[in-house]
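Since the structure comes first, as structure tokens, the remarks are kept for the end.
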Amino acid sequence: IAHYLQSGDMYGQSVKDIRPEHLTHEVWDYIFLQGSYPKDCAIPEATLQKMRAEFEFWYPFDLRVSGKDLIQNHLMFSLYNHTAMWPKGDKNPISFRCNGHLLLNSEKMSKSTGNFKTLSEAIAEYSADAMRWALADAGDGMDDANFETTTANAAILRLTKELAWMEEMLGPASGLRDGPPSTTFDRVCENEINIAVYRAKEAYDKLLFREALKAAGYDLANARDAYRFACGPEGMNKQLVLRYIEVSTVLLSPITPHISDHIWSNLLKKQGNVITAGWPAAAEPDFVMQRAAQYIEDIIPSMRKLIAKVEAPPKKKKGAAAVETPTPKVTHGQVWVSKKFVGWQEAVLLTLQGTYDAASNSFAPDTAAAVLEAVRAAGAAEGANEKQLKQLAMPFAKYKMDEALKGGAQVLDVKLPFDEAQLLQDNLPYLLRSLNLDDLSVGDAADAGAAGQAKAAGINLSGACPGQPVILFSTAARSS
């Protein structure tokens with residue numbers, strides 16, 4: 001209602017129609033408390049009605065953002081004052097968002113020590129968007145946020161490289177594949193875009209800007225890079241790349257509005273401003289597909305480590321003469337998967353499912369005792385004493401509990417939510433190209449002939465479990 005009192009002058013330096021003495025208690029009761037129009041009021045009732053309508057439209061206010069040092073005074077008394085004015089509570093603030101103080105490179109800002117930077121200095125040094133990126137990355141919640149100059153400098157490079165890539169993809173020599181998205185990698189990438197839309201909105205709605213930046217800036221870009229590599233010589237899908245550019249531009253616009261608007265208007269040739277473009281439409285995220293895709297991305301570096309170990313030349317014995325031997329080259333691989341956890345491991349997982357509370361993301365205090373009792377009941381450790389029982393079961397239980405605290409209840413399932421063997425088969429070309437192999441076969445560790453085949457190769461298949469297959473690589477000698 002201030003613009004009525006100040007006749008449009010935001011600084012209130014002139015007094016026109018409404019004077020201070022006109023604002024009696026009865027006038028405020030009319031505006032704030034649905035009171036009657038005051039007798040002998042110098043302000044026309046039509047004006048007071050407009051002021052009341054403005055107040056009713058904007059109240060209760062949705063959000064007040066403030067520092068954590070004001071919780072016990074300003075914010076507390078804000079609640080007191082609203083309760084005193086409107087005892088029913090219908091005008092109380094809907095939410096407060098409190099934040100900590102800002103550190104600069106993990107140290108308190110201080111002019112006396114020289115560890116100090118103003119907004120104007122930061123904009124001049126890093127640009128507005130790179131500074132905003134670093135501020136968003138500095139932290140959420142009431143912990144002190146940490147503005148890292150290395151993050152701001154990295155943001156400059158990241159945004160510049162992203163812009164150059166987009167210009168290349170939108171150019172005539174992009175090398176993109178025409179037609180609708182059709183491959184497995186296309187579907188995975190499209191799903192990652194949907195997940196970014198979902199998670200970024202969830203984070204923005206909670207004012208968690210670091211989480212929003214993670215979803216829209218880091219995770220989505222990483223998914224794009226994985227998609228680009230997975231497509232190989234066939235190239236990325238043109239429609240999907242265009243959707244990625246449009247969605248990432250909108251998702252990052254609250255954090256990097258200037259470069260986002262440049263992309264929106266000058267590269268994508270869209271009408272209007274990016275900040276009024278509206279939130280991107282997206283299909284329901286498929287988190288099982290994401291988990292399956294992450295399985296492939298995780299197993300590749302694990303296999304590379306095994307290959308490097310197999311190809312490593314034997315260590316020279318001390319004092320022995322150097323002997324020239326052919327360098328081994330891994331050419332073939334064999335993977336044995338397990339469809340489900342069995343025996344005492346299954347008993348552990350079923351017990352953990354019962355003691356895990358998803359709401360608090362925690363396990364019941366008696367979980368360890370319940371696990372040991374379940375393993376004992378499963379008969380897997382018959383005759384074992386308490387110490388032996390703990391040595392058998394607790395490392396696995398602790399590992400799965402830590403996984404659940406990070407990934408939720410899904411990691412406690414006795415089976416994977418996808419067909420592990422089929423997933424590996426579907427991704428064979430990608431795996432062969434990534435690992436530089438001639439052949440990679442996939443088998444079931446529970447098959448009748450698998451145990452004998454593995455035993456002949458000196459492999460024990462009892463260690464295979466869902467998500468952690470047993471892998472054997474074979475080599476062909478090559479001259480060094």
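Position 1 is the first residue of the sequence; numbering continues from there.
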Presence of salt bridge, Glu403 and Lys400, under 4.0 angstrom: yes

Check ion pair Asp186-Arg177 (N to O, under 4.0 angstrom): yes

Lys206/Glu211 ion pair, N-O < 4.0 Å: no

Qualifying residue, where the test is ring pair (Phe, Tyr, Trp, His ring centres under 6.0 Å) with His82 and the options are Phe96, Phe77, Phe61: Phe61

Sequence neighbours excluded, every pair satisfying salt bridge (Lys or Arg N to Asp or Glu O under 4.0 Å) that has a member inside residues 348-360: none

Rounded distance (nearest 0.5 Å) linking atom CG of Leu135 with atom CD of Glu148: 12.0 Å

More than 12 heavy atoms of other groups within 6.0 Å of Glu234 CD: no

Greater than 12 external heavy atoms within 6.0 Å of Leu157's CG: yes

Summary of salt bridge (Lys or Arg N to Asp or Glu O under 4.0 Å) pairs that have at least one residue in residues 92-114, sequence neighbours excluded: none

Counterpart residues, salt bridge (Lys or Arg N to Asp or Glu O under 4.0 Å), relative to Arg210 (two or more places apart): none

Arg224 and Glu192 ion-paired at < 4.0 Å: no

Which residues share a ring pair (Phe, Tyr, Trp, His ring centres under 6.0 Å) with Tyr295, sequence neighbours left out: Phe418

For Trp264, all residues meeting ring pair (Phe, Tyr, Trp, His ring centres under 6.0 Å), sequence neighbours excluded: none

By ring pair (Phe, Tyr, Trp, His ring centres under 6.0 Å) - contacts of Phe473 (at least two apart): none

Salt-bridge criterion met for Glu420 and Lys339 (N-O under 4.0 Å): no

